Novice: 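Take a look at this one; I'll ask things after.
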Amino acid sequence: MTTAWVLLGVFGAVVTSAVAWVAWRDRQRTASAEDPGARQAAVVQQQQYEQGRHVTQSDRIRGGGLGS
């Protein structure tokens, strides 16, 4: 019976450490709201995307419509 508790304890420790490691890894990879550099980079990326969409739409309008 003691062996079962030891195995259960080891299994629990392995699962807990794996979950903790995954949470730590994801926290390191995620750009957080506390990081002003990441926030600024996201804003610049969004603005570039919107400018690209605007150029594409105006090219379609000048080119004679959506079928051009």
Side-chain angles (χ1 to χ4, degrees):
M1 188 66 178
T2 305
T3 304
W5 284 110
V6 169
L7 288 175
L8 187 60
V10 168
F11 179 73
V14 168
V15 169
T16 302
S17 62
V19 168
W21 179 77
V22 168
W24 173 81
R25 182 196 64 184
D26 288 348
R27 172 79 173 136
Q28 293 297 322
R29 291 192 316 182
T30 303
S32 67
E34 297 106 24
D35 184 4
R39 184 177 27 213
Q40 181 63 27
V43 168
V44 168
Q45 183 180 10
Q46 180 65 28
Q47 289 172 344
Q48 289 172 344
Y49 170 77
E50 290 173 4
Q51 284 177 336
R53 277 191 65 207
H54 178 71
V55 168
T56 302
Q57 290 172 352
S58 60
D59 285 347
R60 286 182 180 171
I61 292 169
R62 272 190 251 127
L66 296 175
S68 297

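Source: prediction; values computed, not measured. Numbers here simply count residues along the sequence, with the first being 1.
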Novice: Please report, to 0.1 Å, the donor-acceptor pairs under 3.5 Å made by any side chain of residues 6-20, with sequence neighbours excluded.
Specialist:
unit_1: Thr16; atom_1: OG1; unit_2: Gly12; atom_2: O; d: 2.8
unit_1: Ser17; atom_1: OG; unit_2: Ala13; atom_2: O; d: 3.1
unit_1: Ser17; atom_1: OG; unit_2: Val14; atom_2: O; d: 2.9

Novice: What residues, two or more places apart in sequence or in another chain, satisfy side-chain hydrogen bond (donor to acceptor under 3.5 Å, both in side chains) together with Gln47?
Specialist: none

Novice: Can you name the residues that form a side chain to side chain contact (heavy atoms under 4.5 Å, CB included) with Tyr49, not counting sequence neighbours?
Specialist: Gln46, Arg53

Novice: Within a 6.0 Å radius of atom CD on Glu50, are there more than 12 heavy atoms belonging to other residues, nucleotides or ligands?
Specialist: yes

Novice: For Gln48, what residues pass the side-chain hydrogen bond (donor to acceptor under 3.5 Å, both in side chains) criterion, not counting sequence neighbours?
Specialist: none

